[in-house]
Trainee: 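Here it is, the structure, as structure tokens.
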There are 2 protein chains.
Amino acid sequence: MSAPRRKGAPRATIDDVAAAAGVSIATVSRVLNGIEHKASSETRHHVLAAAARLGYRPVHAGRALRTMRSALVALFVPDTSNLFYATIADAIASHLKDSGSSMILCNTRDEAAIQDRLLEEMESHLVNGIVLLGALDSPGLRQAINNGLPIIFLNRKPPAGIAAPYIGVDNRLAGRQVAEHFLERTWSPVGAIHGPLASSASRGRYEGFRARLTRAGIRLEPRLVRGAELTIQSGYQAATAMLAQRPYPRAVFCGNDLIAYGLHERCGELGISVPEQMAIFGFDDNPLNAWLAPWLDTIRVPYDQYGATVAGALARLAETPRRRVPRETILPHRVVIRR
Amino acid sequence: MSAPRRKGAPRATIDDVAAAAGVSIATVSRVLNGIEHKASSETRHHVLAAAARLGYRPVHAGRALRTMRSALVALFVPDTSNLFYATIADAIASHLKDSGSSMILCNTRDEAAIQDRLLEEMESHLVNGIVLLGALDSPGLRQAINNGLPIIFLNRKPPAGIAAPYIGVDNRLAGRQVAEHFLERTWSPVGAIHGPLASSASRGRYEGFRARLTRAGIRLEPRLVRGAELTIQSGYQAATAMLAQRPYPRAVFCGNDLIAYGLHERCGELGISVPEQMAIFGFDDNPLNAWLAPWLDTIRVPYDQYGATVAGALARLAETPRRRVPRETILPHRVVIRR
DNA sequence: CTGCGTTGGGTAAACGTTTTCCTTCGAACG
DNA sequence: CGTTCGAAGGAAAACGTTTACCCAACGCAG
């Protein structure tokens, strides 16, 4: 069972297998790639046996050089330390493995310069696909699209003028639903700490929220609307500014869970009890919330479906000729109210 | 500045650069790789200019095929959704980028079969290094070592009989320090929910803890010692069993933070206030603790140093001939008491 | 018997690099 | 002046695959 190759011994190549099976390397290649009608079942058996005996594993570099495509997919993430992103990365990676691909994880730190450098690097790696979780508009991105790189946008829509597959939730609808929840409880006043409005996701959430309130005749007080980066620290700072004056909002919609954590911390310092005195709504619902943040209402994004959907889209992108990939795939979210 | 290559146009190869610069491809390669004494400064300038003008980027597969080494490093993680591992992955990836490598993230789910499959896959990718965060003893692992794969062990020591670089903290010492902390406060009785004792890390933590108590003349009640997987769910189950009888322990040392979260949850259900009635000690200290688990005392593992140390060890492993890599690198931890 | 399609399989040409030899040209040195 | 040496750079051989092309053998219709 175990390969007989010993330490320092060179690994078996396709030539070795061919010699051992008494056929040409072309036949070995065809058998191993499952090409039909090109080998008798007897030959196939010999080849398979020889390959197993020698512990042969094809070198990806050789194949990549010939076919100009690797078994690699790159995932770009704005913040690896955000558990939400880590969970999505996990879901995607496990689905990719089923199709024989491995995942290169790239942290853009939400900076366009880093993203562009990584895009070039991944192009050099001949990756089969690039999943941009939280893309940034930049010259490098447009260049990459122009070069024909197979890019899929996750959560943040492709910038204006770029036509590429997008997978995400309906942020506007979710924001609207949060507003409706607030309205049902007749909470007033309400506030919001939204993420960077340059991001289509953050903007959609906030605008859906605000639009629904407006329709109900409620105007958000400017004092109770703040912007923040999608981090705890930034959320904490925004919360500090927002809660500098009274009256405090009765409920606040945050751009994501991390901002909500920051707000919660500030509430603790000010003696505001959550959710009794102030309800906090987040977005994403990473798995830790159920245990560590039971006070948090949030929008659950369907991680598991992300994995399968992304893997499917990538598979279609990788095919030649490229099958039509749906331009937009909207996955269902869920409003999570914890009591 | 931007590459002039248009959509569908083939990417520039080294031949194009050579032609544009009026030199041979050998010279282009040498200039781009910074080989000294092989090109006049004038030639070098021409080559560099041509490369920039054409937007040339070397294809990794070609290089990999020739040199039998890629610009890839694999990180094996037992659980991608553990924020602690995600943080370490981030630290390593960012340091690797400085040396021009990219990181393939592999989730073993703490299963030997998956680990072995991934090891073979990574060998096919000709990775420059494999970082095993939480290695499992298995035939595949020993085979990989035998094949000469450049493997580094993180947190869990290499299994008996395998000589390979190890990087981690002094788990025994940390466990001892937790015991000393408990002793200082004269907390009694004390309990423990340790991780799988097959892991050197979990075992070291628990044994250091127990040994120090024994030396102080204190024997852990069997009822108050439980084992668990390193997950919240498993910690919760172990906690449920442990807290089925009174008296409750005054302080509990948990195998990692996730187990501690599970215990905390159970305490909440039983109306045990933490840390007033029960102190909980964890291990790892992921960055979220400061915000979401202020009740948790823990051992802080130095993420940042992990990144640099691992990158350094990998660099030395990649050199030919391999420089001596320190067999064991023990990084300093910190006891974090939150009040 | 000729012509033709199908099946099985070999030959060799790529794919884009790096690196080992060579060669050439000057300069330094005896 | 002959020899040696270093710098500069070219030609070509790998590296391990896949695949286009070719060929032989065979069955079968005409």
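Any value given below was found using the heavy atoms of this structure, including those in side chains, with hydrogens, waters and symmetry copies removed. Within every chain, numbering begins at 1; the chains are lettered A, B, ... in the order of the sequence lines, protein sequences first and strands thereafter.
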Trainee: Strictly below 4.0 Å: does A:T67 bring a side-chain N or O up to OP1 or OP2 of D:dT19?
Mentor: no

Trainee: Is there, by distance only and without an angle test, a donor paired with an acceptor across the side chain of A:R66 and the base of C:dG16 below 3.5 Å?
Mentor: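 No.
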
Trainee: Tell me what A:A26 touches on the nucleic acid: a base, only sugar-phosphate, or nothing, going by heavy atoms under 4.0 Å.
Mentor: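 The answer is base, as A:A26 lies within the cut-off (heavy atoms under 4.0 Å) of a base atom.
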
Trainee: Can you check the B:N33 CG to C:dT20 P distance for me, whole Å?
Mentor: 13 Å

Trainee: Ignoring backbone atoms, establish whether A:S40 has a side-chain N or O less than 4.0 Å from OP1 or OP2 of C:dT7.
Mentor: no

Trainee: Distance check needed: C:dA13 C1' versus A:L65 CG, whole Å only.
Mentor: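 To the nearest whole Å, that distance equals 13 Å.
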
Trainee: Checking B:N147 side chain against B:L149 main chain: does a donor-acceptor pair fall under 3.5 Å?
Mentor: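 Here the side-chain-to-backbone pair does not exist.
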
Trainee: Specify the closest pair of heavy atoms between A:N155 and A:S200, including all atoms of both residues, with the distance to one decimal.
Mentor: O-OG, 4.1 Å

Trainee: If each of B:V23 and B:G62 is mapped to the nucleotide of DNA chain D with the nearest heavy atom, which maps nearer the 5' terminus, i.e. the 5' end?
Mentor: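 Nearest-nucleotide comparison on DNA chain D picks B:V23.
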
Trainee: Kindly say if A:S29 contacts the phosphate of D:dT19, meaning a side-chain N or O under 4.0 Å from OP1 or OP2.
Mentor: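 Answer is no, no contact under 4.0 Å.
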
Trainee: Without decimals, in angstroms, what is the distance between A:H45 NE2 and C:dG8 C1'?
Mentor: 18 Å

Trainee: Rounded to whole Å, please give me the gap between NE2 in B:H37 and P in D:dG9.
Mentor: 13 Å

Trainee: Figure out the CZ/P separation between B:R63 and C:dT19, and round it to whole Å.
Mentor: 9 Å

Trainee: Determine whether any donor atom in the side chain of B:R30 lies under 3.5 Å from an acceptor atom in the base of D:dG10, or the reverse, and answer yes or no.
Mentor: yes

Trainee: Give the minimum heavy-atom separation between B:R11 and B:D16, together with the two atoms involved.
Mentor: O-OD2, 4.1 Å

Trainee: Nearest 0.5 Å, what's the CD1-CD distance between A:I114 and A:E121?
Mentor: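 If we round to the nearest 0.5 Å, A:I114:CD1 and A:E121:CD are 13.5 Å apart.
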
Trainee: Is any side-chain nitrogen or oxygen of A:T43 closer than 4.0 Å to OP1 or OP2 of C:dG9?
Mentor: yes

Trainee: For B:M68 and D:dA14, what is the distance between atoms CE and P respectively, to the nearest whole Å?
Mentor: 14 Å

Trainee: Between C:dG16, C:dG9, D:dT18, which nucleotide has the shortest distance from any of its atoms to the side chain of A:A39?
Mentor: C:dG9

Trainee: Can you find a side chain N or O atom of B:S24 that sits less than 4.0 Å from OP1 or OP2 on D:dG10?
Mentor: yes

Trainee: Measure the spacing between OG1 of B:T309 and CG of B:L331 and express it to the nearest 0.5 Å.
Mentor: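 Between atom OG1 of B:T309 and atom CG of B:L331 there are 4.5 Å.
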
Trainee: I need the CD1-P distance between A:I14 and C:dG10, as an integer number of Å.
Mentor: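 Atom CD1 in A:I14 sits about 12 Å away from atom P in C:dG10.
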
Trainee: For the pair made of CD1 in A:I25 and P in D:dC15, what is the distance, rounded to whole Å?
Mentor: 12 Å

